[in-house]
Amino acid sequence: MNKLYGLLGHPVGHSMSPLMHNDAFKQLGMNGFYHAFDVPEGKLNEAVEAFKLFNISGFNVTIPHKVSIMNLLDEIDEEAMMVGAVNTVVNIEGRLIGYNTDGRGYLTSLIPMLKKPLADSNVLVIGAGGASRGIVTALANQGVSLLTITNRTLEKAIEIKDNYLTYKKANLNILSLQDAEKNLAMYDIVINTTSIGMSPQIDAVPISIDNIKSTAILSDLIYNPLQTKLLKIGEERAITTHNGVGMFVEQGALAFLKWTGQQPDTARMRKIVLQQLGGFSC
Ligand code: ATR
């Protein structure tokens, strides 16, 4: 009998997860099937009850349910608690266990590109929303101690700092966007976690990179478009760039591993995602 998996979110019509996971089941010769369920706000409880009833083996959670799902789970792992959001749920004999694979997925895609160990790198994170929390938590758990957050609204960056210090007692700096721009030459890795660069802001950049150092890695969590304006400017200046496709693939692969105990072929997953996005490089 097929084991059932799913995505729970709204909207989910353009999700690439079903294609990616169903291909992995096929490749590994597994009887798994993954379906995207469109669950509007206010219907989450009923959807989770239905998932339990039908014994769904595992599922992903996306916007707008990543935070509210936490109240409906039996257990939440430490990293997901730190992030304050869950994107992956495993059903173990009726007990729902929540994880967050976004930050770890991001690092898995970033680490092969690094020119020096992550723990010794000076990292600037732009943005202080949910995506930023995922990345900052993963960086902290990976032992990064030189970490700065810059954001339009400084209070939101300070909130993350307070949370991060509770867990890690590490040194996290907060800078205004103007000061971050001025001091950009200090950073080995610059990561955009904001939505600037995505439609409808495709011609905007979150920060000016005039002062970026030539050996820096410029990273953007956005994968649609594959090359944001920020990454385009970086590439024109011969800076190493990294887009969000790897994160999308790796967060999915980590979820797949948690559900099935099997490691899917991430190169193949990446190819499928790139085909969907109509792109060729990243
Ligand atoms: P997500 O969960 O995707 O991270 P979010 O929680 O809404 O989404 O966070 C969006 C981030 O993008 C925030 O850091 C936001 O800055 P503010 O905290 O100041 O709102 C940032 N952002 C979005 N649009 C922006 C804009 N036009 N200029 C500057 N920052 C912007």
Side-chain angles (χ1 to χ4, degrees), residues 7-12 14-17 41 44 60-70 79-88 98-107 109-110 123-140 147-164 172-182 184 187 189-210 218-226 228-231 233 242-248 250-252:
L7 168 67
L8 207 157
H10 179 71
V12 292
H14 295 292
S15 172
M16 294 178 290
S17 293
E41 230 157 338
L44 184 63
N60 287 128
V61 186
T62 189
I63 291 166
H65 304 305
K66 280 186 173 186
V67 178
S68 39
I69 188 73
M70 295 176 83
E79 185 150 332
M81 281 302 278
M82 282 175 73
V83 178
V86 160
N87 79 329
T88 299
Y99 299 90
N100 194 314
T101 65
D102 284 334
R104 202 142 291 279
Y106 173 75
L107 288 191
S109 78
L110 178 74
V123 184
L124 176 70
V125 175
I126 309 165
S132 170
R133 279 205 310 277
I135 301 303
V136 167
T137 304
L139 289 167
L147 189 49
T148 300
I149 303 179
T150 181
N151 193 44
R152 177 179 60 178
T153 312
L154 278 183
E155 292 74 31
K156 279 170 76 180
I158 293 165
E159 246 175 68
I160 295 184
K161 179 182 164 112
D162 290 346
N163 188 40
Y164 174 94
L172 196 156
N173 300 308
I174 308 288
L175 280 185
S176 67
L177 287 168
Q178 292 82 345
D179 285 343
E181 282 177 353
K182 237 186 283 165
L184 210 60
Y187 300 102
I189 308 171
V190 176
I191 307 167
N192 174 43
T193 71
T194 77
S195 47
I196 303 170
M198 214 186 272
S199 176
Q201 302 184 82
I202 52 166
D203 288 322
V205 291
I207 201 168
S208 152
I209 59 162
D210 285 351
L218 181 61
S219 173
D220 200 324
L221 264 53
I222 296 169
Y223 57 81
N224 194 8
L226 280 169
T228 56
K229 179 84 180 278
L230 181 73
L231 294 192
I233 295 171
H242 169 252
N243 70 14
V245 171
M247 174 177 173
F248 178 74
E250 297 293 346
Q251 64 75 32

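Heads up: numbering here begins at 1 and tracks the sequence. Ligands are counted one by one from 1 in listed order, and the atoms in each one are counted from 1 as well.
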Pairing donors with acceptors under 3.5 angstrom, does anything connect the side chains of Thr228 and Asn243? no

What does the contact table look like for ligand 1 (nitrogen or oxygen on each side, cut-off under 3.5 Å)?
| from | atom 1 | to | atom 2 | distance (Å) |
| --- | --- | --- | --- | --- |
| ligand 1 | 2 (O) | Gly130 | N | 3.3 |
| ligand 1 | 4 (O) | Gly130 | N | 3.1 |
| ligand 1 | 4 (O) | Ala131 | N | 3.0 |
| ligand 1 | 6 (O) | Gly130 | N | 3.2 |
| ligand 1 | 14 (O) | Ala128 | N | 2.9 |
| ligand 1 | 14 (O) | Asn151 | OD1 | 2.7 |
| ligand 1 | 16 (O) | Asn151 | OD1 | 3.3 |
| ligand 1 | 18 (O) | Asn151 | ND2 | 2.8 |
| ligand 1 | 18 (O) | Lys156 | NZ | 2.9 |
| ligand 1 | 19 (O) | Arg152 | NE | 2.9 |
| ligand 1 | 19 (O) | Thr153 | N | 3.1 |
| ligand 1 | 19 (O) | Thr153 | OG1 | 2.4 |
| ligand 1 | 20 (O) | Arg152 | NH2 | 2.8 |
| ligand 1 | 27 (N) | Gln201 | OE1 | 3.2 |
| ligand 1 | 28 (N) | Arg152 | NH1 | 3.3 |

Check whether any side-chain heavy atom of Asp220 lies under 4.5 Å from a side-chain heavy atom of Thr193, and answer yes or no. no

Residue of the set Ile191, Asn151, Val190, Ile149 for which side chain to side chain contact (heavy atoms under 4.5 Å, CB included) holds with Ile126: Val190

Rounded distance (nearest 0.5 Å) linking atom NZ of Lys161 with atom CG of Leu154: 12.0 Å

Aromatic plane relationship, Phe248 with Tyr223 - under 30° parallel, 30 to 60° tilted, over 60° perpendicular: tilted

Salt bridge check, Lys182 against Asp210: does any charged N sit closer than 4.0 Å to a carboxylate O? no

